[in-house]
Structures are given as structure tokens and as C-alpha cells.
Amino acid sequence: MSWLSKLMPSRIRTQGGNKRNVPEGLWVKCERCAAALYQPELERNLKVCPKCGFHMPIGARERLRGFFDEGELTEIGADLEPVDALKFKDSKKYRDRVVASQRATGEKDALVALRGTLKGRPVVACAFEFAFMGGSMGSVVGERFALAAEHALEHGLPLVCFSATGGARMQEGLLSLMQMAKTSAAIARLREAGLPFISVLTHPTTGGVSASLGMLGDLNIGEPEALIGFAGPRVIEQTVRETLPKGFQRSEFLLEHGAIDLIVDRREQREKIAALFALLLRQPALPAEVSAAPAA
Amino acid sequence: MNPSYLEFEQPIAEIEARIAELRHASQGSAAGIEDEIRKLRDKLSARTEQIFANLSAWQVSQLARHPLRPYTLDYLALAFNEFHELAGDRAFADDAAIVGGPARLDGRAVMVIGHQKGRDTKSKVKRNFGMPRPEGYRKALRLMQMAERFKMPLLTFIDTPGAYPGVGAEERGQSEAIARNLLEMSRLKVPVVCTVIGEGGSGGALAIGVGDRTLMLEFGTYSVISPEGCASILWKTAERASEAAEALGLTAPRLLELGLVDEIVKEPPGGAHRDPPAMAARLKERLLAALDGLSGLAPDALLAQRYQRLRRYGAFRSA
């Protein structure tokens, strides 16, 4: 099994995250077109296959580094750490799962929130770390998102969030469900202040995150072929007892059904989001620059 | 075994059956029999109290889904003077898994929205087992906005296994429908009191559950995932639902302790289903008290307080 298939959606809810998602060799094989790809080049291309355009999983920090301008970034809510309020235990203790995920990802929890600049203009951006317990939303994720939204509100900045998550974090019980209410309430405040929030839905975004902050962007942007939905495909299949149509719950399907505004290739998101924020904030157009044209 | 009673309620069913038998036999009224019935009644309340004092989280989960448990429309009939049910989301359909409309509670005009389950096979199917589709949440949103327009406090009753996980529901934007309600409820300019009357199943429950006060009936449950769903993910089998129920901390006392619900509404001996009128009367009293507590606030103060309330949800530490 390749390192990529280990990240595929069948494991979104149970990801223990005890492996670093970094291949050992310099060459990796594209999951879709099987092309052998040179790792440094793949990274420069934001983990999108230069041959076929397949969007591979990308870590939260790596994604945000590629999104912001180079330069200083301020982290929001960095000091927050999860606690085991329920003393939750299944085959493993929640506390142990957290420690394993922390070791594997180097993150304290599944959301990274940063303030930096995009094309010279300040923005707040968050990204889910899927390798941390399937990007699940518990108290720290909800709190960091709310702090990020409040930071944007206080400083009059736009907010963007890249989601990659299986939904609410079961091990925090109802505390995690309530993060849906908390994050949505924070977005309501941005709306009232006329500050734009763009939600970028990446593979996969399901459950409680999709049903709260994920679908609440002034604009919802899907990454190509991302799985986006409320219920996971397996749950739906078990409920309706039929095979699901091809392409069901993928970005293209959501676009067709009117659930998202547009689909944007990862390599073009920086340009696109910068231009949209400038328009929504009635700022002057961004100076033209040589764009990093996708290689495929 | 009496199918109207859960397994752990069977001792209660047996005593009740014996009382009924004696009643039947004592048509001619004999003093000795009356005495016997009185003894059995005492035994019944002692036994009920004993069973209900030590319920496991899984037993409470079963009570929350008890086939005889009062549903939203039962409370509307028992605790309210008037109710005018309104239908439809004005876009796609009417979803019978959510009911709502203007009502009168002790003379006051209020808007009521609640999940609705069915009792017999036909109505269960009609109500989709209390699992709403997007049009249900959009009907609820329409009624919430109407409540705001006419300055009516909003009362919601939560009782659902969860939002329906179906193909059509996904196509019509189940996630968006839920998310939208969370956002809109957080800034609705009228008092919002939410009550978990039975099962509070995840996002499908929360979609009508954001407000200023959350009440919970003593034997209701409120959870991020059903015990069965949790067990099948963590242990790969729904058989271990009772362990999952315990781990999830989904009972009223536990949630009060965690600060996630504000008040527990006590149920009659043996649970709400043993005495719906008494339950409805108590619920009415607590709803009126909750509304009284919120009625003096100007909309801005109400919303500021609501935001702070939502903002406090969570447990973490700062290094």
C-alpha cells in the first residue's frame, strides 16, 4: 500500500496518524496517472501532479506556506492544547491518540491559523491538518477558528479557511458538536461587519465541518475532485442500500447542484482568492505579475 | 414480555399487570383487594424509583427513544393553548420530520419548531423516523425568520436520530441547510429556548438547537454521534453501543456538568411516557421561566449574551 492510499477517505474517521506523511525517497508515484514524480518538484507544485493535475493531500502548514506571501506569519491560538474532558477511551485512550497525532504531525491540534500577507495585503488563513486525527474538529479547532475570525473582525481583515476533515471529533462528545455552533456564530459576526470569508473545501470535507464553517463561506470554493458532503458515502450506501452514482459528492457534482461557487486548482488559488478579496473589499486591483503557470 | 416496556422496565410492567388483573377481578369491590392494590402501588413506586435511580447511559438512550415517549406534537397539544402548523420551505417540499408554526403558551405568542417522529409504521415512514432533509431545516429557517419579524420568542424541541443521510438530501445541500441555521440562529433577534425532549442526534439536532437557553429532559440524550454509529467506527461493531453511550457522556447530568446544557427538566416517575400530562405541565412551567429570564433583554444585549454563551463552549488548556 502506498503512502497515498493510506490517506484515502476510507480512513477518514479512524486515522490514528502514527506515520509521517513524508515519503522516504526522492521519487513518488502519482496515485492516478502513475507518473514518477520528483519530490522537490512536486512540492513546488503544491503536491499537484504536474502530469495529470491530480491533487494529492497536502499538510496544513505546507499549504499555508504556499498560500501566503513569503515573510513573517503570526500564529493565532498556538498555545492551545486539547484536553480529555470526557476521559474518553475505546481501544485506545483519547489522550494517547492525541499524543500520537502530535508526534506524527508536529501540531498541537488539527487546525493551523495564521495571519500573514497575500499579495502584500494582510489576511487571516486557517487550514485543517488531516493527518491529525482525520482533521477532526474538537474544542481546540473550534476555538482557534473563532479566534482567527475574531482577529479578522478586530483588524478588518478577510478570512479564508481550507478544510480537510472527517467532521466533529467523537472523542470530545458534545463539546465537539458545539464547535459547529461556535464557529458559525463567529462567521455571522464577520458577515455583519462586511468582511469576506472564503471557504475552500478540499479532499475530504464531511460531517460537522461541512455542516458548519465549511458551507458558510461568502464564497465556497472546491478543489478539483474533492469529496464534500454531510454524510460519508459509506453511511449513505448503508442507509439507501444502493450503489452511489459515479462522481457523487465530488466538487464537480456540488458545482452542478449549486452548492459551491467555483472549482479552483490548488495552484491558482492564491491568485484567485487575492483577486476576489480585493473586489469584495473594494480595494484597487492587484498589480499584474507573472503567474506561476501550471505545468499541465 | 410487554413490547410497550423496555427490558429494564419489565419489573414495572409485571406489577402494573397484576394491579390491572386485581382491578378486573374486584368489579364487585372487596375490601381485601383494595388493600392489596394499595400495597402493589407502593411496591410499584419503590421499584420504579429503584430502577430509575441507577440507569446506565445506554438505558437512558433507550428511554430517549422509547416508543411511547411524548413527541413535539404531543407537547404542543398538552402544554400549549393554540398551535397552527405551517408547512413547506417555499422552495422544494414540506418535510414532515420537522413541524412548526405560531402557538400560544399561557397566553403568549411564540413560534414553535420541533422534530417529529411517527408512532405507527405509516406515520414513522411519513416522518422519516424524525430524520429531516434539507427542506425541513429550510422550513425551520423560514419560521425562525418569521418569528423574528413578528418579535415572537422561538421555542424549539429537539428529538431526532440525526439529519437524513440520503442521496437526495446530499444533492439538495444537507450540509448547507444545517450550517445556515446555525449561523442564522446565532443572530436571531428574539429569545431562543431549545429543549431536548428525546434524542439529540448530532448536527441534525443542533440545526434547531442554537439559542439562549438549552433545557434537557431528564432522560433525553444529546450527542455528537449515536452510540451505534460511534461503536461501529471505534469497535467496528454496533453491538458495543452500550460502551459507546457511556464513553460519549450523552446524558443530561453529564452535560449539565460540562456546561453544555443549562437546566435539566425532571421527568415523572418512570419517565415522561408514563405520565405525559404531568411532563407537559412541568415543561410548560420551565419554558415560561426561561422566557421570563430573557424577556427583559434588548436585542443587542440578547445577541451579545448569546455570542458569549456559544463562545464559551469547549474544553482545552493553554500552554
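Bear in mind that the values here come from a model prediction, so they are computed numbers and not experimental data. Note that these values count all heavy atoms, side chains included, but never hydrogens, waters or copies made by symmetry.
Salt-bridge annotation for B/Glu135 and B/Arg138: absent, with no side-chain N of the basic residue lying under 4.0 Å from a carboxylate O of the acidic one. A salt bridge links A/Asp109 with A/Arg169: at least one charged nitrogen is closer than 4.0 Å to a carboxylate oxygen. Look at A/Arg61 and A/Glu129 and you find no salt bridge, because none of the NZ, NE, NH1 or NH2 atoms lies under 4.0 Å from a carboxylate O. A salt bridge is absent between A/Lys182 and A/Glu150: the closest approach of a Lys/Arg side-chain nitrogen to an acidic carboxylate oxygen does not fall below 4.0 angstrom.
Interface remark: of the candidates A/Ala259, A/Ser210, A/Ala85, A/Ser210 forms the most heavy-atom pairs closer than 4.5 Å to chain B. Of the listed residues (A/Ser139, A/Ala211, A/Ala231), the greatest number of heavy-atom pairs within a distance under 4.5 Å of chain B belongs to A/Ala211. Each of B/Met185, B/Glu243, B/Arg254 has some count of heavy-atom pairs under 4.5 Å with chain A, and the biggest count is that of B/Arg254. Among A/Pro82, A/Gly229, A/Ala78, A/Gly138, the residue with the largest count of heavy-atom pairs under 4.5 Å with chain B is A/Gly229. Ranked by non-hydrogen atom pairs under 4.5 Å with chain A, the options B/Gly314, B/Pro165, B/Ser186 are led by B/Pro165. Of the listed residues (A/Asp90, A/Ile228, A/Asp84), the greatest number of heavy-atom pairs within a distance under 4.5 Å of chain B belongs to A/Asp90. The greatest number of non-hydrogen atom pairs below 4.5 Å with chain B, out of A/Leu213, A/Leu216, A/Val209, A/Val240, is found for A/Leu216. Each of B/Gly173, B/Gly249, B/Gly162, B/Ala163 has some count of heavy-atom pairs under 4.5 Å with chain A, and the biggest count is that of B/Ala163. When the candidates A/Leu174, A/Leu244, A/Thr239, A/Asp79 are compared by the number of heavy-atom contacts under 4.5 Å with chain B, A/Leu174 comes out ahead. When each of B/Leu183, B/Ile178, B/Leu182 is scored by its heavy-atom pairs under 4.5 Å with chain A, the top score falls to B/Leu183.
Judged by the 6.0 Å and 45° rule, A/Arg189 forms a cation-pi pair with B/Tyr307.
B/Ser223 touches chain A through its backbone: at least one of N, CA, C or O sits under 4.5 Å from a heavy atom, while the side chain does not. Of the two parts of A/Tyr94, neither the backbone nor the side chain holds a non-hydrogen atom closer than 4.5 Å to a non-hydrogen atom of chain B. Proximity to chain A is limited to the side chain of B/Val210, based on heavy atoms less than 4.5 angstrom apart. Interface remark: B/Ala207 contributes no atoms to any contact with chain A (heavy atom separation under 4.5 Å). Proximity to chain B is limited to the side chain of A/Gln179, based on heavy atoms less than 4.5 angstrom apart. Proximity to chain B is absent for every atom of A/Ile260, based on heavy atoms less than 4.5 angstrom apart.
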- [ ] Assess whether salt bridge (charged side-chain N to carboxylate O under 4.0 Å, His left out) is satisfied between B/Glu184 and B/Arg187, documenting all intermediate values.
- [x] CA-CA 6 Å; B/Glu184 298 296 344; B/Arg187 60 175 181 184; 3.4 Å; yes
Open item on the list: Using the rule given for salt bridge (charged side-chain N to carboxylate O under 4.0 Å, His left out), can you reason through A/Lys246 versus A/Glu225, listing the C-alpha separation, both sets of side-chain angles and the distance that settles it, and then say yes or no?
Closed with: CA-CA 12 Å; A/Lys246 198 171 178 319; A/Glu225 294 170 87; over 6 Å; no
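A donor-acceptor pair under 3.5 Å is absent between the side-chain atoms of A/Thr205 and the main chain of A/Leu201, judged by distance alone. Proximity of a side-chain donor or acceptor of A/Thr202 to a complementary backbone N or O of A/Ser163 within less than 3.5 Å is detected. No donor-acceptor distance shorter than 3.5 angstrom exists from the side chain of B/Asn128 to the backbone of B/Val125, with no hydrogens or angles considered.
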